[in-house]
Amino acid sequence: MDAAGDQQLTGTPPPLKVGWWKRIRRAVVLYLLVPYLAVVIIFVVLQRKLIYRPTVANDLRVTTVGLDAEAVRDVQIQTPDGEKLNGWLMQQAGDDGAVQRPLVVYFPGNSLNRNERINDLREVVRCGFDVLIFDYRGYGDSSGSPSDQHLTSDAMRIWNYACQDLNYEPGRIVIFGESLGGAVALSLNIGKCEPATAWGVDFECDVRLDAPHSRWALPAVSVSVSSARSLALS
């Protein structure tokens with residue numbers, strides 16, 4: 001009796017042809033492995049563009065964008081590698097500087113530039129704070145290109161600029177982070193700052209201003225709009 005007859009008698013199924021295994025392997029490669037590798041490559045290649053989405057501007061000086069020169073002044077930090085971080089210091093118009101108001105150091109999110117946050121900045125000023133904001137490298141009219149390492153090192157430069165060049169007391173500085181800026185704010189090592197410093201990090205916030213994207217948070221502290229304003233008036 002031939003092999004086919006033996007299989008019929010024993011009830012064992014015939015073996016799959018080699019062509020079926022080739023089809024299965026080809027399907028796995030085409031429909032699983034290739035799409036997976038394509039997604040990984042896309043994320044690796046476009047990672048920077050997915051994280052950093054700046055709005056670039058040639059010139060965001062106060063006089064160019066038409067802001068009140070009595071309330072806003074241009075500030076700039078020169079980095080050791082030759083890049084320039086441009087920003088604004090916004091204060092209450094007509095403030096004679098007799099009483100130093102607390103300062104909010106504003107670290108923005110991963111898109112747009114400082115000019116597109118002007119309404120949020122004005123809301124903070126109306127609550128009794130001065131505001132210092134710089135565009136990250138490659139954002140607005142700041143030179144260079146952003147990276148994790150540069151965000152961290154530039155954050156400390158901005159802190160030092162606020163304390164040393166602008167002469168704000170560390171205990172009267174609030175660190176504010178919006179979206180990506182929350183991580184930038186956290187990159188500032190608390191040990192390098194005065195213990196009395198009020199820290200605002202944009203994760204969950206108890207103080208909310210009228211501006212839709214403005215939030216405040218102090219770790220392990222329940223705060224309110226009235227308490228924030230009391231800091232501004234103290």
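Computed from a prediction, not measured in an experiment: that's the story for all the values here.
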Handout entry: Partner set under side-chain hydrogen bond (donor to acceptor under 3.5 Å, both in side chains) for Ser111, not counting sequence neighbours
Key = none

Show me, pair by pair, the donor-acceptor contacts under 3.5 angstrom made by side chains of residues 163-170, not counting sequence neighbours?
{"unit_1": "Tyr168", "atom_1": "OH", "unit_2": "Gln91", "atom_2": "NE2", "d": "3.4"}
{"unit_1": "Tyr168", "atom_1": "OH", "unit_2": "Asp130", "atom_2": "OD2", "d": "2.6"}

Problem - Set of residues satisfying side chain to side chain contact (heavy atoms under 4.5 Å, CB included) with respect to Ala162, sequence neighbours excluded - result: Leu103, Val105, Leu132, Ile173

Practice task
For Val56, enumerate each residue passing the side chain to side chain contact (heavy atoms under 4.5 Å, CB included) test, keeping only those at least two apart in sequence or located in another chain.
Solution key: none

Problem - With sequence neighbours excluded, residues passing side-chain hydrogen bond (donor to acceptor under 3.5 Å, both in side chains) with Arg122 - result: none

Problem - Non-neighbouring partners of Asn86 that pass side-chain hydrogen bond (donor to acceptor under 3.5 Å, both in side chains), sequence neighbours left out - result: Gln76

Problem - Those residues that, when tested against Phe134, pass ring pair (Phe, Tyr, Trp, His ring centres under 6.0 Å) (two or more places apart) - result: Tyr161

Problem - By side chain to side chain contact (heavy atoms under 4.5 Å, CB included) - contacts of Ser153 (at least two apart) - result: Arg157

Handout entry: Contacts of Asp141 that satisfy side-chain hydrogen bond (donor to acceptor under 3.5 Å, both in side chains) - sequence neighbours left out
Key = Arg114

Handout entry: Any donor-acceptor N/O pair, Tyr136 side chain to Asp154 backbone, under 3.5 Å
Key = no

Problem - Residue pairs, two or more places apart or on separate chains, that pass salt bridge (Lys or Arg N to Asp or Glu O under 4.0 Å) and touch residues 79-90 - result: Asp81-Arg137

Handout entry: 4.5 Å side-chain heavy-atom contact, Thr152 and Val184
Key = no

